[in-house]
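What follows is one structure encoded as structure tokens, with my remarks underneath.
The sequence lines fix the lettering, A, B, ..., with proteins before strands; numbering per chain opens at 1.
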Amino acid sequence: MTRVLSAVAWPYTNGPRHIGHVAGFGVPSDVFSRFMRMAGHDVLMVSGTDEHGTPILVLADNEGLPARELVDKYNQVIVDDLCGLGLSYDLFTRTTTGYHYAVVQEMFETCRRNGYMVEETTKTAISPSTGRTLPDRYIEGTCPICGYKEARGDQCDNCGNQLDPTDLIDPRSKINGETPEFKDTQHWFLDLPALAEALGEWLDQREATGLWRPNVIKFSQNILKEIRPRAMTRDIDWGIPVPGWEDQPTKRLYVWFDAVIGYLSASIEWARRLGEPEKWREWWNDAEAESYYFMGKDNIVFHSQIWPAELLAYNGKGDKGGEPGPYGTLNLPTEVVSSEFLTFGDSQFSTSRGNVIYVGDFLARYGPDPLRYYICAAGPETSDAAFTWADFVTRNNSELVAGWGNLVNRTATMIAKNFGEIPAAGPLEEVDEQVLATVRDGFTGVGDLIGKHRLRAAIAEAMRVVGEVNKYLTVTEPYKMKDESQRERLATVLHVAAQCVSDCNTLLSPFLPHAANKVHAVLGGEGELMPMPRIEQVDELEPDNGAGHTSYAVITGEYTSTPAWESRPVVVGARVDKPTPVFTKLDPSVVEEELARAAGEPA
RNA sequence: GGGGCGGUAGCUCAGUCGGUCAGAGCAGAGGACUCAUAAUCCUUGGGUCGUGGGUUCGAGCCCCACCCGCCCUACCA
């Protein structure tokens with residue numbers, strides 16, 4: 001048994017999440033976490049919404065809402081969506097809690113005490129009307145090199161040259177068109193160069209495991225070459241106050257500094273709510289514990305560089321030495337599991353262009369498991385993957401419904417018709433032994449692949465096993481055994497089939513937990529096979545220290561009843577009625593409907 | 001501009017150390033069967049492995065150049 005931290009990327013509360021988001025971090029992390037629990041490991045799965053940063057303020061202005069109300073609104077939507085997908089978080093919280101603030105401030109202070117936070121003066125663009133930092137990307141102007149009128153502050157999209165916002169001719173804010181002011185400002189910088197050697201050693205060690213996806217490890221090592229100090233504070237009035245700068249309300253911690261600390265603060269919050277406030281340490285201080293971080297590729301730098309650098313600084317493990325703070329020596333990531341991007345046809349999902357499929361809409365129309373299946377079978381695991389409605393319908397109908405759903409249905413129908421309960425088996429023939437062995441071997445094959453985060457291959461292997469069981473029924477032809485003399489053989493074949501369906505259901509349960517519960521019931525099982533998360537309203541633990549909530553919704557759950565990753569004998573005599581289909585076949589017309597909907601036409 | 005990833009059958013993608021690697025699933029075609037949501041099972045896969053060079057006895061797999069797509073480059077997974 002190993003303690004496994006499943007650290008799942010924190011969705012940003014600037015809108016509802018689309019299916020590309022959950023394809024990147026959500027479903028893969030849940031499949032892995034569910035599997036690891038089944039394999040007997042002690043999993044702690046944490047995440048939450050990431051609610052600070054300039055984009056929130058810009059959007060709040062646009063929507064005419066205070067930032068706090070805006071993040072409350074989208075936090076609620078995201079919580080509903082992720083819980084609806086069945087993502088089995090132990091705690092899904094948020095960054096605007098007093099508890100998170102306290103942990104972030106402690107991390108900051110210890111990093112600073114250890115010498116890894118350096119105060120520097122820089123020139124930054126400020127919005128004169130709001131006094132906020134104007135990030136380079138929010139500034140545009142005329143490119144001094146090619147004369148392109150809409151060059152961004154950080155780069156000209158026309159000639160490709162990297163720019164400094166102060167170089168732009170006629171710079172203006174993309175938010176409101178005003179001319180930014182460039183002025184000197186004080187900020188705390190994380191001294192990444194002083195941590196570079198330790199980071200490099202850690203990455204080399206990680207590379208040696210051979211487990212990281214090659215693009216992630218290579219990218220991470222590469223960005224180490226040009227490492228520079230990075231500002232961990234901002235001129236903004238939305239975020240976590242900077243310790244020591246409480247008298248300057250327009251200085252806050254950089255959103256990414258605090259967001260990654262969420263993995264730690266959520267773990268501590270979880271333990272505290274459990275009533276065992278030190279229990280989180282089993283995942284963070286024990287060097288034997290493992291931690292897996294799930295995200296999209298645009299987040300790699302924050303998880304393979306910034307976050308480990310913060311941890312090393314906290315642990316006092318960089319060039320400047322130092323001592324860990326009260327949280328002790330914290331574990332660095334075992335593995336950074338990054339997905340590529342799911343695209344919508346040929347282009348990226350884009351909320352602003354309306355080229356988007358929201359998780360909530362998808363769940364309402366098709367339910368969680370068809371989406372989970374699609375993401376596992378065709379998701380952006382090692383390269384960008386294109387979602388199309390036609391492909392979704394095809395995979396749903398010809399793989400999920402016709403392959404797996406049909407096997408469940410035909411097996412249960414024959415049992416219901418002939419026995420009404422799972423019959424006891426007579427003597428097994430070779431064909432029976434073979435199919436049972438094939439299914440049992442599936443646990444090794446599928447499990448290894450999930451452990452390596454190869455979900456596409458894993459679910460394909462599980463579906464191959466399903467195909468073997470379908471073949472078994474075709475070969476043994478139980479539906480032809482109508483004579484009384486064949487009754488024992490019929491019972492044997494159907495018993496074996498039921499056993500295989502049950503085992504296939506276990507094999508597929510990390511991917512399709514909702515369907516797993518239905519199949520479990522079809523075979524006369526009692527209760528829930530796979531535990532599900534729930535939404536719970538909780539009280540703020542540090543009401544005086546946070547962003548003003550007194551209570552908020554979290555996703556949590558009780559997962560100790562998770563079944564083991566192994567074949568479990570079916571219960572002879574368990575009642576089996578004529579089943580209703582577990583999966584729904586989709587009419588091909590939904591492709592047209594969805595395309596019309598995307599085009600903004602009434603469906 | 002710099003860095004990264006990718007371009008393999010109609011579609012979506014596998015191809016670890018260079019030598020049965022030219023593959024899988026789906027779609028299509030033919031056949032069998034009927035328990036099942038017309039589902040299942042069997043048979044059927046000549047695609048210049050983006051382009052042009054190079055290294056090698058031998059290259060999707062290594063090197064060079066080029067074309068195309070995507071991502072990162074201080075705040076959209």
Exercise. Report yes if a side-chain nitrogen or oxygen of A:Ser338 is closer than 4.0 Å to either non-bridging phosphate oxygen (OP1 or OP2) of B:C5; otherwise report no.
Key: no
Quiz item: Among B:C72, B:G15, B:C33, which nucleotide sits nearest the side chain of A:Arg454?
Solution: B:G15
Self-check item: Minimum-distance nucleotide to A:Lys417 side chain [options: B:A36, B:C13, B:U37]
Solution: B:A36
Self-check item: Distance-minimising heavy-atom pair for A:Glu335 and A:Trp212
Solution: CA-NE1, 3.2 Å
Quiz item: With nearest nucleotides of RNA chain B determined for A:Thr382 and A:Ala402 from heavy-atom distances, which residue corresponds to the more 5′ nucleotide?
Solution: A:Thr382
Quiz item: Between atom CH2 in A:Trp188 and atom P in B:A74, what is the gap in whole Å?
Solution: 23 Å
Practice problem: Return the nucleotide paired to B:G46: Watson-Crick means purine N1 to pyrimidine N3 with N6-O4 or O6-N4, wobble means G-U with N1-O2 and O6-N3, both under 3.5 Å. | Solution: none
Quiz item: Within 45° of the six-membered ring axis of A:Phe511 and under 6.0 Å from that ring's centre, is NZ or CZ of A:Arg372 located there?
Solution: no
Practice problem: Using the P atom as the reference point in each nucleotide, state the distance between B:C67 and B:G52 in Å, no decimals. | Solution: 15 Å
Practice problem: Just compare B:G4, B:U34, B:U40 and give me whichever is closest to any side-chain atom of A:Asn222. | Solution: B:G4
Exercise. Write down the atom of A:Cys504, the atom of A:Val466, and the distance for their closest heavy-atom approach.
Key: SG-CG2, 4.1 Å
Exercise. For A:Met295 and B:C72, give me the distance from atom CE to atom P, rounded to whole Å.
Key: 15 Å
Quiz item: If you check the A:Asn406 side chain, which of B:U40, B:U34, B:C75 turns out closest?
Solution: B:U40
Practice problem: Would you indicate which nucleotide in B:U12, B:C41, B:C35 comes nearest to any side-chain atom of A:Arg456? | Solution: B:U12
Quiz item: Does B:C5 pair with anything, Watson-Crick or G-U wobble, both distances under 3.5 Å, and if so, with which nucleotide?
Solution: B:G69
Exercise. For nucleotides B:G15 and B:C75, find the distance between their C1' atoms and express it as a whole number of Å.
Key: 38 Å
Quiz item: When rounded to the nearest Å, what value does the distance between P atoms of B:C63 and B:C17 take?
Solution: 12 Å
Practice problem: Ignoring backbone atoms, test whether A:Lys578 places a side-chain nitrogen or oxygen under 4.0 Å from the OP1 or OP2 oxygen of B:C35. | Solution: no
Quiz item: Is any NZ, NE, NH1 or NH2 atom of the basic residue among A:Lys452 and A:Asp448 found under 4.0 Å from an Asp or Glu carboxylate oxygen of the other?
Solution: no
Quiz item: Between A:Arg464 (CZ) and B:C41 (P), how many Å, whole number?
Solution: 13 Å
Self-check item: Sole candidate of A:Tyr263, A:Phe294, A:Tyr292 that passes ring-ring contact (aromatic ring centres under 6.0 Å, His included) when paired with A:His303
Solution: A:Tyr263
Quiz item: Closer than 4.0 Å, any side-chain N/O of A:Lys297 to the OP1 or OP2 of B:G4?
Solution: no
Self-check item: Anti/syn call for B:G23, syn if |chi| within 90°
Solution: anti
Self-check item: Nearest-neighbour nucleotide for the A:Tyr479 side chain, B:C33, B:C75, B:U37 considered
Solution: B:C33
Quiz prompt | Residue whose nearest RNA chain B nucleotide is more 5′ - A:Phe294 or A:Val466 | solution = A:Val466
Quiz item: Using the C1' atom in both, what is the distance from B:U12 to B:G30, to the nearest Å?
Solution: 25 Å
Quiz item: When you compare B:U55 with B:G18, how far apart are their C1' atoms, in angstrom units rounded to a whole number?
Solution: 12 Å
Quiz item: Can you tell me the Watson-Crick or wobble partner of B:U40, both distances under 3.5 angstrom?
Solution: B:A32
Quiz prompt | Shortest side-chain distance from A:Asn470, nucleotide among B:C75, B:C35, B:U40 | solution = B:U40
Quiz item: How far, in whole Å, is B:C76 from B:G60 if one measures between their P atoms?
Solution: 42 Å
Practice problem: Counting Watson-Crick and G-U wobble pairs only, both distances under 3.5 Å, name the nucleotide matched with B:U16, or none. | Solution: none
Quiz item: Is there a donor on the side chain of A:Asn409 or the base of B:A36 sitting less than 3.5 Å from an acceptor on the other?
Solution: no
Quiz item: Between B:U40, B:A74, B:A14, which one does the side chain of A:Ala231 approach most closely?
Solution: B:A74
Quiz item: Looking just at side-chain N and O atoms, do A:Thr185 and A:Asp235 make a donor-acceptor pair shorter than 3.5 Å?
Solution: yes
Quiz item: In whole Å, what separates the P atom of B:C21 from that of B:U16?
Solution: 12 Å
Quiz item: Of all the nucleotides listed (B:A39, B:C35, B:U34), which has the minimum atom distance to the side chain of A:Lys480?
Solution: B:U34
Quiz item: Which nucleotide in the set B:C75, B:C41, B:A36 lies at the smallest distance from any side-chain heavy atom of A:Tyr254?
Solution: B:C75
Quiz item: So, do A:Phe92 and A:Tyr89 have ring centers that fall under 6.0 Å from each other?
Solution: yes
Quiz item: If the C1' atom of B:C70 is compared with that of B:G53, how far apart are they to the nearest Å?
Solution: 26 Å
